[in-house]
Amino acid sequence: MEKYLPKYLPFFTLLGLSGLLFLLWNITSLEGWNCQTVSTFYQLQNSVQSVLKTSEYFLPVEFNYSFCAHLGQEPTAEETREESYLLKSIAWPEPSILGLPLRQSTDPAQSYYKIQDPGDLQVGGQLVVKIQMQNFLGQPKKHGGDFLVARLHTPELVAGVAGRVHDHNNGNYTAFFPLLWAGVAQVEVTMIHSSEAVMVLRRLREEQSDRVFFKSLFRSGYLSETTLCNLCLPHKQQPLCNYTDPQTGEPWFCYKPKMLDCDTRINHSKGGYKKHLLTVYESQFFQSGVNIKIPIHSAGVDNVTVQPAKVQTKGIHLEFTPSGYYYQGSWRPLSGVVMRPFNSSTAITQCLRGKMLYLYGDSTVRQWYEYLIAHVPEFKEFNFHSPKNVGPYMAVDSNHNILLRYRCHGPPIRFTSVSSAEMHYISNELDGLRGGSDTVVLISIWSHFSTFPVQVYIRRLRHIRRAVIRLLNREPATLVLIRTANLQVLDPESSLFNSDWFSQQLDAVLRAMFKGLNVQMVDAWEMTLAHHHPHQLHPPPDIISNMVNFILSHICPVKRKRRRG
């Protein structure tokens, strides 16, 4: 073999030189590749990495990083006291013994209610119903904390009113109903969650507030990356992009892309929902058809007959006065505005003539925009090429000089994709309004805050309230209406993210923080609870129609006739 080496040496030398020349040529070619070619390889690398790292989007690695109490503007001493008061006001009763087995937890099927001796019930009086909660063993519960709702209704009259449930903290509850129409009225009591389930929900809210997570797409030229975002992120993993709002101090962060700068962010979107949030023990308390939104039966009759009002009923003390009730399918407020029907496009346009309506918030306020567009052909929409169900939207009726605008609120918001340029905070938008008698502001902000500790919601409402006060100080004639939360359909999974218990807690805070201001509340909670329709996040047209009529009744109130002296 050695004797043939000299013979083949020139051949191997030539082969080696050829390989070297080929390598140099490739290096030169690589240096001449354009950005698109590099991006193709980089995106291929990202695709491979995304497959390998999918779990990062579905289960963020660090525990409870989406809420940081120190973030945001420093509250004043008065605001700190208010926050403490609000948190105490919504504190929920705890079971005396934690960790009870399922058989000792609340069973709505074995619980019951009894109508207290009604006597001679008349319009203007009240009905009292006693509720006894029992466990799966048929034994009376010894502690409170079950989340119950109640309504009184007459299907033949399409009438209904919400009741108020009082927790005695011993397994007994009392429901109070005002009697507002004559006829046979049926009692309906529903357990939304057991006290054991509420404790799990409270733990999730405080310890797993990152169970809904978000992401943003970054792009520059042909390069693009997607990273996780939230109210607060651990900076130990990788550098952060800080998108805290300079006006309000509302925090928002994304992980910095590896190849791009923070100013290349182009959108915001919902990343997904964390899985496996509950232990096997906890999951027992979230079973459809067993202990989520289950009606409680009557131990006797489930209806009463209400007689027309008599003079002697005037002195009755009512434990609960609702904001309104349904009769013949129409909402009737019990105070403030006189409700008017606006059943035609002509009636709506005559009311809105010369008005500018600004709608801010989540998809539940967007329903009002969609209702007006659908019922008033004169509205012409501008095409902003906005994603469906996201916005911003704008419509104009030039003949009647009406402007209608909708914009979603700033993060957190679980929309599919919102342009970064369109992520505006409501308070900043309000500061940009001139206001006046021709301006109507409609706000709804609650659903997307259900997974966060209540302090996050209080902070957001604080900024909105300040902006509302500034607006009303500039132009006291500005009309501001705020929509409350509403009940919705629940199953074992949605309960962990959108439970009515979360909504009820936020609703109580909202009402308290805007109490005493010159704003009107659209009571979506009672309007959905009192209605015969099943609960939905987005209420059906019947309810939306009543909400819009309520709003228009405030914009165009009935002029009361002056008495002649």
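Numbers here simply count residues along the sequence, with the first being 1. Owing to the predicted nature of the structure, the values given are computational and were not obtained by experimental measurement.
Not counting sequence neighbours, Glu475 has no partner by the salt bridge (Lys or Arg N to Asp or Glu O under 4.0 Å) test. Checked against ring pair (Phe, Tyr, Trp, His ring centres under 6.0 Å), Phe514 has no partners two or more places apart in sequence or in another chain. With sequence neighbours excluded, no residue forms a salt bridge (Lys or Arg N to Asp or Glu O under 4.0 Å) with Arg164. Checked against side chain to side chain contact (heavy atoms under 4.5 Å, CB included), Ala508 has the following partners two or more places apart in sequence or in another chain: Ile90. Not a single side chain to side chain contact (heavy atoms under 4.5 Å, CB included) links Pro541 to another residue, sequence neighbours left out. Looking at residues two or more places apart in sequence or on another chain, you find a side chain to side chain donor-acceptor pair (under 3.5 Å) between Gln73 and Arg466. Annotation: salt bridge (Lys or Arg N to Asp or Glu O under 4.0 Å) contacts of Glu381 (sequence neighbours excluded): none. Shown here are the side chain to side chain donor-acceptor pair (under 3.5 Å) partners of Asp397, two or more places apart in sequence or in another chain: His400. Residues meeting the side chain to side chain contact (heavy atoms under 4.5 Å, CB included) test with Ser503, sequence neighbours left out: Trp446, Ala485, Gln488, Trp525. With sequence neighbours left out, the salt bridge (Lys or Arg N to Asp or Glu O under 4.0 Å) criterion links Arg414 to no other residue.
Counting only N and O atoms by type, the side chains of Asp245 and Asn428 include a donor and acceptor under 3.5 Å apart. For the residue pair Thr264/Ser220, the side-chain donor-acceptor check at 3.5 Å is not satisfied.
By the 30° and 60° cut-offs, the orientation of the rings of His375 relative to Tyr371 is parallel.
For Ser209 (side chain) and Glu206 (main-chain N/O), no donor-acceptor pair under 3.5 Å exists by modelled atom type. With Thr190 contributing its side chain and Ile192 its backbone, the two residues share no donor-acceptor pair below 3.5 Å. Using modelled atom types, one side-chain atom of Thr279 and one backbone atom of Glu282 make a donor-acceptor pair closer than 3.5 Å. Panel note: side chain Ser427, backbone Ile464; no donor-acceptor pair is recorded below 3.5 Å.
Heavy atoms of other residues, nucleotides or ligands lying less than 6.0 angstrom from CZ of Arg470 number more than 12.
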Legend entry - Trace of the ring-ring contact (aromatic ring centres under 6.0 Å, His included) decision for Phe497 with Tyr273: CA-CA 9 Å; Phe497 304 96; Tyr273 298 87; 4.7 Å; yes

Inset, instruction - Go through the steps for Arg219 and Glu225 under the test salt bridge (Lys or Arg N to Asp or Glu O under 4.0 Å), then give the verdict. - result: CA-CA 7 Å; Arg219 180 186 295 154; Glu225 288 185 65; over 6 Å; no

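One finds a salt bridge joining Glu493 and Lys275 here, because a Lys/Arg side-chain nitrogen approaches an Asp/Glu carboxylate oxygen to under 4.0 Å.
Residues in residues 247-257 take part in these salt bridge (charged side-chain N to carboxylate O under 4.0 Å, His left out) pairs, two or more places apart or across chains: Glu250-Arg459, Glu250-Arg460. The ring-ring contact (aromatic ring centres under 6.0 Å, His included) contacts involving residues 408-432 comprise His409-His448, His409-Phe449, Phe415-His448, where partners must be two or more places apart or lie in separate chains.
Remark: Arg265 is positioned above the aromatic ring of Tyr243, its terminal NZ or CZ atom under 6.0 angstrom from the ring centre and at most 45 degrees off the axis.
The SG atoms of Cys254 and Cys229 lie less than 2.5 Å from each other.
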